[in-house]
Structures are given as C-alpha cells and as structure tokens.
Amino acid sequence: MTETQTQIQPSSPSRPRARIAELDVVRGFALCGILVVNLPPIVELGIEGGALDFYRFYEDFVQNRFFPIFSFLFGIGFGLMWLTARDRSPRPRLALLRRFAFLGILGGLHQLLQPGEALLPYALAGIVVLLPVTWISDRWRNRITVVLGVVLLIAGVATGGGMTLIPGLFLIGFAIGGSDFIRTVLSHPGRLVIAGAVALAITIVGFAGTDYMTRHVDQWINAALGLTMAFTYIVVLLLLLRTPAEAVLKSVFAPLGRMALTNYIGATLILVVVRMAAPDLSRFDDHGGYVAGLLICVAIITVQVIVSTLWLRRFGQGPLEKLWRLVTWGRTPR
C-alpha cells in the first residue's frame, strides 16, 4: 500500500460499513475511567489526611485522561455516521441536528445530578463545530477538518484543557471516522507501536521534567500530558486486542461501549443513590473514602457489564441508544 493510499481520504457514503469492535472496546474502557473521574465530585470526596496521595494519583493518571478519549471517539462516531447519513434521510443535517438537540436536553437534565457533565457541551459543540463542516465538499472536507481540529486542539491545550479540548478532538475524530484511516491503522500494528512509543516517551519526559504542583499550576502542561496519556492508553488497549487477551477485553468492555450513553447516565444515578445512602464514605476507610469509592466503581462496572451483555443479546441496543436513534432517524428500516 502506498503512502498516498494511507492518507485520510473521503470514503463513499453509500458503502456498507461493519461495526468496528475495537472502538466499542476503547469506548467501554474510557467509560470505566470516566466513572472514576466522576466519583469524587458526585459523592463529595475530600482531599484531607490520607486522601491526599489518592487524590494526587487521581489527578495525574485519571482526571482529564479519559475525557479526551471519549471526545475523540464521539467525533469518530459522528464521522462514521455522516458516511451513511445521506442514505438514511433526505435531510441528513436536520436529522443530526435532532440528534444533538436530544443529547443537549438529556445533558441539561443530567446537569441537575452531575454539574459539569459532558453531554450538554458535546451537544453544543456538535451543533457549532461538527454540523457546519459537513457543508465542506467531500474532496476537501477531511483535510480542512484535520487542520482546523489541530489548531483548535493546540488552542485548547494553551488555555488549560478541559472542555476547551472538545472542538479540536471532535474535528480530528470526525475526519478519521469519515475515512478509511481507522481500518488502515488497525491493519498495521507496527504503526500503532511507533505512535504509542512516541506518546509514552513524551509522557515520561513530561512527568520527569515537572513536579505535581507545576503540572497543576501550569494547566497547559497537565492538558498536554492528558492528551499523550490518553493516546498511550488507546494504543496499549488496541495492541492488547491483538493478543490472547482479546476475548476477555471484548467480553468486558465492548458491551459497555455499545451502551455507553445508557451506562454513563445509569452510573450517575447509582452514585447519587450511594451518596444519599452513605453521605460520608470517609468513615469506611483511612483514605478519605477513596478506597470505598473505588470498590463501589468496580461493583457498578461489574453490574453494568452483566446487564449490558444480557440486554444486548435480547434487544441489540441500549434503551437510551434506541431512543436516541429513533429521535434522529425516525422509524426507518435501516
């Protein structure tokens, strides 16, 4: 295969495309990390006493490390959807606007339980950033979108990361999803190894050259490390999927990923109930409640894996996913 063939090129929107199982696995893995990220603010864990070491680990290896993965995957998902959107609806942009509107309404309700959640910003960014680039001609769309995405991503890092990373990650993901880039990369594991090694090296140098306070006072450093760590996590997971661990990883993470919206909202509801039932988790361990909280997260993930697996065997889609699809496309045979 030539270098030209491996560039991000538009794909035919009418081509049937099989579901990419690796994306479901990565999405499910990211969902687990996001649950751990959401744990402290929802159940109100502090950072006093024995909680400090856990909090620092959480800040360095969890916070802002899984959010970029989810944002990137959202962009990829939209790119894949756009490839078939014109076949699914005579007015595809209106259908996708309904999709974002539904997500925004759901996110607004979710904000009542979890202030700072991601669905509402995702919906707004989708309307403001993703929908407009669909008007760019097929010939130039992916190239222009990648350049614009990189510029916005750099700007997001410079401003400290967080929600400001969403537009750039969405656009880069959209360009990748709207091409054959994913399948090309997955078929060349050597390229994954090289890319992952570079990301890991940058991460190691970044940690070696800074201390905890520097990383979190200069937020751009933390934001940049969050991106390199997120990319490292993705590459490691994709490489593990090429080992005997594949069967286990797919059985655990793929069902979570296929029902990501339902599980994301469901985990919040469970954590709110936990907070009401046990408003002070710090009384259960000597580490500010972080150990108890992590055990709760493991229990939630275990239950969601089991429920998702059984649900998908019977219905094929999660309940919120099915409703989201219905709002988007209506009752179509596709």
remark   = Value for CG (Leu39) from OG1 (Thr268), rounded to nearest 0.5 Å, stands at 11.0 Å
query = Is it true that Lys250 and Glu246 have a side-chain N and a carboxylate O under 4.0 angstrom from each other?
reply = yes
request  = Please report the C-alpha distance between Phe72 and Phe231 in whole Å, then the side-chain angles of each, then the deciding distance to 0.1 Å, and finally whether the ring-ring contact (aromatic ring centres under 6.0 Å, His included) criterion is met.
outcome  = CA-CA 10 Å; Phe72 180 55; Phe231 187 72; 7.9 Å; no
query = How long is the span from the CD atom in Glu117 to the CD atom in Gln111, to the nearest 0.5 Å?
reply = 4.5 Å
request  = State whether Asp24 and Arg27 are salt-bridged, where the test is any N-O pair (Lys NZ or Arg NE/NH1/NH2 against Asp/Glu carboxylate O) under 4.0 Å.
outcome  = yes
ask   = Are the side chain of Asp285 and the backbone N or O of Ala292 linked by a donor-acceptor pair below 3.5 Å?
value = yes
message = As a quick check of understanding, evaluate side chain to side chain contact (heavy atoms under 4.5 Å, CB included) for Phe57 and Asp53, giving each step before the final call.
response = CA-CA 6 Å; Phe57 178 86; Asp53 289 339; over 6 Å; no
request  = Check the pair Arg99, Met81 against side chain to side chain contact (heavy atoms under 4.5 Å, CB included), reporting the backbone distance first and the verdict last.
outcome  = CA-CA 11 Å; Arg99 186 173 183 83; Met81 185 175 296; 3.3 Å; yes
key: Centroid-centroid distance, Phe207 to Phe61, less than 6.0 Å   = yes
Output field: ring centroids Phe100/Phe78 closer than 6.0 Å = yes
task = Rounded to the nearest 0.5 Å, what's the gap from CG on Asn38 to CD on Gln63? Could you check?
result = 8.5 Å
Evaluation steps, side chain to side chain contact (heavy atoms under 4.5 Å, CB included), between Leu96 and Trp329 = CA-CA 8 Å; Leu96 294 172; Trp329 308 114; 4.1 Å; yes
query = Looking only at atom types and distance, does a side-chain atom of Thr262 sit under 3.5 Å from a main-chain N or O of Leu320, one as donor and one as acceptor?
reply = yes
Salt-bridge criterion met for Asp138 and Arg141 (N-O under 4.0 Å) = yes
request  = Carefully, step by step, assess Leu113 and Ile265 under the rule side chain to side chain contact (heavy atoms under 4.5 Å, CB included).
outcome  = CA-CA 10 Å; Leu113 300 176; Ile265 299 293; over 6 Å; no
inquiry  = Determine whether a donor-acceptor pair (N or O, by modelled atom type, separation under 3.5 Å) exists between the side chain of Arg191 and the backbone of Val185.
reply    = no
ask   = Looking only at heavy atoms, which two atoms of Asn142 and Ser179 are closest? And how far apart?
value = ND2-CB, 4.0 Å
key: Arg98 side chain vs Thr328 backbone, donor-acceptor pair below 3.5 Å   = yes
message = Show the nearest heavy-atom pair for residues Gly156 and Leu165, with the distance to one decimal.
response = C-CD2, 3.7 Å
task = State the CD1-CG distance between Ile20 and Leu80, to the nearest 0.5 angstrom.
result = 5.5 Å
task = Indicate whether the side chain of Ser308 and that of Asn263 have a donor and an acceptor atom separated by less than 3.5 Å.
result = yes
query = Side chains of Ile296 and Leu271: closer than 4.5 Å at any heavy-atom pair?
reply = yes
inquiry  = Tell me if a side-chain donor or acceptor on Trp324 pairs with a main-chain N or O of Phe102 at a distance below 3.5 Å.
reply    = no
inquiry  = Side chains of Thr134 and Arg93 only: does a donor on one sit below 3.5 Å from an acceptor on the other?
reply    = yes
key: Option among Ile301, Val62, Val298 that satisfies the side chain to side chain contact (heavy atoms under 4.5 Å, CB included) test with Val36   = Val62
remark   = d(Lys322 NZ, Leu261 CG) to nearest 0.5 Å is 14.5 Å
request  = Determine whether the side chains of Ser282 and Tyr290 contain a donor N or O and an acceptor N or O closer than 3.5 Å.
outcome  = no
ask   = Hey, does Leu171 have a side-chain heavy atom less than 4.5 Å from the side chain of Val146?
value = no
request  = Please state whether the rings of Tyr264 and His110 are parallel, tilted or perpendicular, taking 30° and 60° as the class boundaries.
outcome  = perpendicular
task = May I ask you to decide if Ile42's main-chain N or O and Arg275's side chain share a donor-acceptor pair within less than 3.5 Å?
result = yes
inquiry  = Keeping Tyr122 on the side-chain end and Ser71 on the backbone end, is there a donor-acceptor pair under 3.5 Å?
reply    = yes
ask   = Within the distance-only criterion (no hydrogens, no angle test), does the side chain of Asp218 pair as donor or acceptor with the backbone N or O of Ile221 below 3.5 angstrom?
value = no
task = Report the relative orientation of the aromatic rings in Phe74 and Phe170; use parallel for angles under 30°, tilted for 30 to 60°, perpendicular for over 60°.
result = parallel
query = Considering only heavy atoms from C-beta outward, does the side chain of Phe29 approach that of Cys32 to under 4.5 Å?
reply = no
key: Val305 side chain near Phe253 side chain, heavy-atom distance below 4.5 Å   = no
key: Test item: side-chain donor near acceptor, Thr210 and Arg215, under 3.5 Å   = yes
query = Same cluster for Val128 and Leu152 if Ile/Leu/Val/Met/Phe/Trp/Tyr side chains link at under 4.5 Å?
reply = yes
remark   = Correct closest heavy-atom pair for Ala267 and Leu35 would be CB-CD1, 3.7 Å
ask   = Closest heavy-atom contact between Trp82 and Pro92?
value = CZ3-CB, 3.9 Å
task = Check the hydrophobic clustering (I, L, V, M, F, W, Y; side-chain heavy atoms under 4.5 Å; chains of links allowed) and say if Leu200 and Leu237 are grouped together.
result = no
request  = Find out whether Ile34 and Phe70 are in side-chain contact, i.e. whether some heavy atom of one side chain is under 4.5 Å from a heavy atom of the other.
outcome  = yes
query = Looking only at heavy atoms, which two atoms of Phe174 and Gly79 are closest? And how far apart?
reply = CD1-CA, 3.5 Å
ask   = With a 4.5 Å heavy-atom cut-off, do Thr232 and Ile202 have their side chains touching?
value = no
ask   = Do the side-chain N and O atoms of His216 and Asp60 include a donor-acceptor pair separated by under 3.5 angstrom?
value = yes
Heavy-atom pair of closest approach, residues Gly206 and Leu225 = CA-CD2, 3.8 Å
ask   = Can you check whether Phe54 reaches Val291 side chain to side chain, under 4.5 Å on heavy atoms?
value = yes
inquiry  = If I take atom CZ from residue Arg65 and atom OG1 from residue Thr228, how far apart are they, to the nearest 0.5 angstrom?
reply    = 7.5 Å
